[in-house]
Structures are given as structure tokens and as C-alpha cells.
Amino acid sequence: MVRTRFAPSPTGYLHIGGLRTALYAYLFAKKHNGKFILRIEDTDQTREVDGAVDIIISALNKAGINYDEGPIVGGDHGPYVQSERKDIYLKYAAQLIKSGDAYYCFCSKDRLAEIHEKGATKYDKHCLHLSETEIQDRIARGEPYVIRQNIPETGTHTYHDEVFGDVTVDYKDLEDNILIKSDGMPTYNFANVIDDHLMGITHCIRGVEYLMSTPKYNLLYDALGWERPVYIHLQPIMRDSQHKLSKRDGDAGFEDFLKKGFLPHAIVNYIALLGWNPKNNCEKMSMAELINSFSIDGLQKSSSIFDETKMRWLNSLYIKELSAEEFHNAAQPYYAEYYPDKNIDYKYLSELLQSRCEVLADIKERAAFLDAFDNFDLELFVNKKWKTDRAMAKSLIDDCIKATESADLGAALETLAVDRGLKKGQVLWIYRIALTGAAATPGGGEEMVKLFGKNEALRRLKAVKDRLK
RNA sequence: GCCACUAUAGUCUAGAGGUUAGGACGUUGGCCUCUCACGCCGAAGACCCGGGUUCGAUUCCCGGUGGUGGUGCCA
């Protein structure tokens, strides 16, 4: 049974890159009828953020990525929060010490700084050969210590990665990294191995930053007599060719995009395509379709740059697909914030806006005409293409009012054009400007009347008539 | 510095030892149209550089360069 996991640190938000890693792990598991596990890696107590776990869970929920085991829902391999598993790591660390694959280290940070100053690029195994009695003495005296992994000094290690192929690393480039910190907590380097094994993870899907240290993890699996997982490393999502998408830029959080008016699935759909291709030229895919076509051989070996413009396009596809009702509901917060209490038919406004918004936040700009009428610039009546001007507007305004009072506005405006020997476009341009005071509106004159209602439309036309005197 | 990974238009990508190097976003021309959008039809735009292998390389190999990552009591 395939089991994958997403193991974020609780930093206070769900990064888009993290979301994609989670998505791939989820898609892969579901594609193979397996389980997807959520594990919280909170071993760095100094970076603890309150409520961070809830934020991650809620974001995954909105994204439609449902985990089978993890915090809150539980499972047979818990606890799923590393800080609650402290004793487990200590037990295996002791076992590694016994087998010689790890050792106590009492070196102070000062000493470490010192050897690095002298040109050392890694720890010098200074504490590797301490005698058993000395070790016990120093521990008894309460001296702080860490537990380090004992990496071979020579030789190379080759392992297979599903996207990068065979990866070879020279042991001399690897350090005897710390497994257990002086506060008794494990480092990622240790905890990920213990937990992945204990939680039955079969496929380890994570960022490339671990590509080179994976041999160290394999050494641990081997020392403990455990089977190694299949590795699938992922290149990062970039902001541009030299920077990763980062929280600093304010555009790396899943929730940030939700606030910008992106639909959750549009985001998921878009990032699925960043670094992976379904080989069928199909870009708009539901979660079920993503699961169905997901395959690791479509995974990219190079990093990709996040293109919000393209995500907007994809989002617009999903917005158009919403029912009128759904769009109207989604638009409410924007109406409430920017255009509350207007004397218009909001439901109809939603109909007009739906095909004109790529993201929900476009509502603000698209509906800006609602605030344009009072004291609008009368020069708007001048239109080069239609050869209209203020004088023409003045001569037509009375008939525009009459037309609005008639039962059939469309027919009345058409008749008006014929009677005056004008093109329909000329009359309609003037009519729409007189009605809205805006160069661009999400619909024509007749639609605007429907939006405002006959009374408000007449009020506006009469106001314009006064100004044209 | 050392080590690892990587390289097709502005961006996401497809691709095979011989192709008119395919698709999408964006850009752009046009159509539609009472404005703005939608929609439809076109256009421009790419194989990082240098060697090698080969009849032939953008594709395979080596080197370089660029980019990223690792080199933490972060993950």
C-alpha cells in the first residue's frame, strides 16, 4: 500500500511551494489507492507559531487535499506531531550509539566556531573516541551534549531518485550531523527517518534541498535495519529566475491568493502544472482528473517560475463555470466592502460581472463605474469613432428620456436613431454615457437601465439634461 | 571556496538522432460589438556556449557558463 506524507513546519501559513509538495504527495497516494498522511514537524521550538497547525489544516481543507491520518483525525501511527514523539527518537538514538552509528558530542558552540575559523568545513569527529567512562562522567556532571551521526570518512553513496535518476554523493562531503539537539529534541535529519519508517511511508516526496543529504538518511535506515523509501525530489517554485517564492514578497501564501480573489481549486490546478505535465495538453483539470493523470514521469527536473498572470487566466475559466448563484455569493464581500447600499439590482450586477472578472477582486475595478456618475466629465460624449459630441448629446437627451419611459427601450432607441438619421451606435453611445458617466461599463445602455431600474435611470438622465443646458 | 542538481520563446511546457521544433499564458493584428469584457480567426517569438560521437545533433558524451540547492543544535 502506497503511503505518502506532507510534513510541514508550523510557520504560520501554508506556502504555495509546500502546497504543491502536499498536492503531489496526495495525488500520488490517491492515484495508487494509498494513504496520505499529515505530520507536523515542530522540533525547532524557537520557531513555534501559535495556531499554525490549524492554519495548515484549514488551508489543505480549502484546497481539497484531504489527509487520511494526521493531527485531529488521528490514525494508527500517531502521534502526528513530532514534539509529542520525543521519547521515540531518543530510544532509536540510543540504539544507534550502541551500534556505533552515532555518538555523544560535548563540543561547545565556541569550539565548533573555532574549528571552522581554522578552515574546517565540517565537524572533526573530536568526540567520536571518548571513552565510555568519560562519557558517563560528563553526562552525570550535567554537561550539555548532542548526539551525532557517525558518517563514514571515505567512499561514496549512490541511491536512486525517481525524478533525478541515480544520485551519487561522496561521504567526505557529508558532515556528522546532529541527530539529537542539546534540548533533547531531534533534528529534521533524524526525525524524518524515524517517522517515515514508523508511519510506514513508502514514497518520500519532498523538496530538492534534501537531495544531497539523502545518503545520510539512507545510512540511518540501513543502520536500523529498515527498508528505505522511494525518493521523489521536487524542484522549487521560483518568483523569478533567482529567487524562490517567499513569504517576504507577500505572494507566497495560499491564503494570500484566496484574499486576492482566486478560487481554491484554480490555485491547486495551476500549481499542479508548475513542474509537472500531464502529457495531454490538457490544462484545466478537476482534482479527480489530476489524480487520474498524475505520474512521476511528468515531473520536471528544473525549477519553474510562478506566473500569476497565467493563474488568473485559469481562474477566469473557473469563475465562468460558477453558477450565477455561486458567483453572486462569492461577490458579496466585495460589494459590501466597495459598493455597499447602491440603488441597483445586485443580482443583475453579478450577472454582468461574472464574465468580466478573472479574479473576484476584479469586481472592485469592474464596478468602479458605479461611483462615476456624479459630475462626470461631459467630454465623454465625444467619441471619435462614432463622431458624437456634447451638442449631439444635448439634442438627444429629451428623446433619451422619452425612450426610457417607453415600454420597449430597445425599439425606442432604434426608432430615435432612424428618425434623426443617426447610426444606432451613435445614439447608444450617448445614451450609455448619459446614464453612467463612465467610459467603460460591464454592459450596454439597456443593460445599465436594467441594473439601475427605470426610476434611477430617469433621475440620472434628467440630471444630465440639466448639466447640458 | 567545495559539493550536488539543472538549462526549449517573456513564462509554463511537449518533443525526437533527420520535425515547417507542437500546445498554453502573455504580447500583437483582425472579426464580433452601443463601451468594457467574453467568444472567434490570424501573427510575431525558443532549442545557453564550445568541443566530441555521427552521414547528420537542439536531442547522446565531455567541458564551460548561467541559475538554484547543500555545506546549521533550520526544516
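A note on names: the letters A, B, ... follow the listed sequences, proteins ahead of strands, and every chain is numbered from 1.
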What does [X] touch in the nucleic acid at a heavy-atom separation under 4.0 angstrom: a base, only the sugar-phosphate, or nothing?
X        : value
A/Thr43  : sugar-phosphate
A/Lys172 : nothing
A/Gly207 : nothing

For RNA chain B, find the residues of residues 415-433 of chain A with a heavy-atom distance under 4.0 Å and give them by number; none if there aren't any.
->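 Under 4.0 Å from RNA chain B: A/Gly425, A/Leu428, A/Trp429, A/Arg432.
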RNA chain B contacts among residues 354-370 of chain A, heavy-atom distance under 4.0 Å |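 Result for residues 354-370 of chain A: A/Ser355, A/Arg356, A/Arg366, sorted by number.
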So which one's nearest nucleotide on RNA chain B is more toward 5', A/Gln45 or A/Trp313?
->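 So the residue in question is A/Trp313.
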Along RNA chain B (nearest heavy atom to each residue), the more 5'-positioned of A/Thr168 and A/Asp307 = A/Thr168
Paired nucleotide for [N] [Watson-Crick or G-U wobble; both distances under 3.5 Å]:
N      : result
B/rC40 : B/rG30
B/rG63 : B/rC49
B/rG69 : B/rC3

Side-chain contact test, heavy atoms from C-beta onward, threshold under 4.5 Å: evaluate it for A/Tyr80 versus A/Asp195 and give yes or no.
->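 No - every pair of side-chain heavy atoms lies 4.5 Å or more apart.
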Check: A/Leu299 and A/Phe294 side chains under 4.5 Å, non-hydrogen atoms |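 Answer yes - side chains close enough.
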Can you see whether [X] engages [Y] through a side-chain donor-acceptor pair at a distance of less than 3.5 angstrom?
X        : Y        : value
A/Lys216 : A/Asn189 : no
A/Thr4   : A/Tyr24  : no
A/Asp42  : A/Ser83  : yes

Not counting sequence neighbours, list each pair that qualifies as a salt bridge (Lys or Arg N to Asp or Glu O under 4.0 Å) and has a residue in residues 430-451 of chain A.
->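 Sorted pair list comes back empty.
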Among all residues two or more places apart in sequence or in another chain, which pass the salt bridge (Lys or Arg N to Asp or Glu O under 4.0 Å) test with A/Lys310?
->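 For A/Lys310, the residues satisfying salt bridge (Lys or Arg N to Asp or Glu O under 4.0 Å) (neighbours in sequence not counted) are A/Glu283.
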Just by protein heavy atoms under 4.0 Å, how would nucleotides 67-73 of chain B read 5' to 3' in B, S and -?
-> SSBSSSB
Quick one: is A/Gln82 getting a side-chain N or O under 4.0 Å of the B/rA75 phosphate, OP1 or OP2?
-> no
So, is A/Lys310 close to the B/rU11 phosphate, meaning a side-chain N or O under 4.0 Å from OP1 or OP2?
->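 The answer is no; no side-chain N or O of A/Lys310 sits under 4.0 Å from OP1 or OP2.
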Given the options A/Tyr270, A/Tyr13, A/Phe306, A/Phe257 meets ring-ring contact (aromatic ring centres under 6.0 Å, His included) only with A/Phe306
Spacing of A/Tyr270 atom OH relative to B/rG26 atom P, expressed in whole Å = 12 Å
Other residues, nucleotides, ligands: >12 heavy atoms within 6.0 Å of A/Glu365 CD = no
Within 45 degrees of the axis of the six-membered ring of A/Tyr123 and under 6.0 Å from its centre: does A/Arg148 put its NZ or CZ there?
->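 Pair A/Arg148/A/Tyr123 counts as cation-pi.
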Sequence neighbours excluded and cut-off under 3.5 Å, please list the side-chain donor-acceptor pairs for residues 417-425 of chain A, or say none.
| from | atom 1 | to | atom 2 | distance (Å) |
| --- | --- | --- | --- | --- |
| A/Arg420 | NH1 | A/Ser395 | O | 3.3 |
| A/Arg420 | NH2 | A/Ser395 | O | 2.8 |
| A/Arg420 | NH2 | A/Asp399 | OD2 | 2.6 |

From the options B/rU11, B/rU13, B/rC38, select the nucleotide whose nearest atom is closest to the side chain of A/Ile305.
->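 Of the candidates, B/rU11 comes closest.
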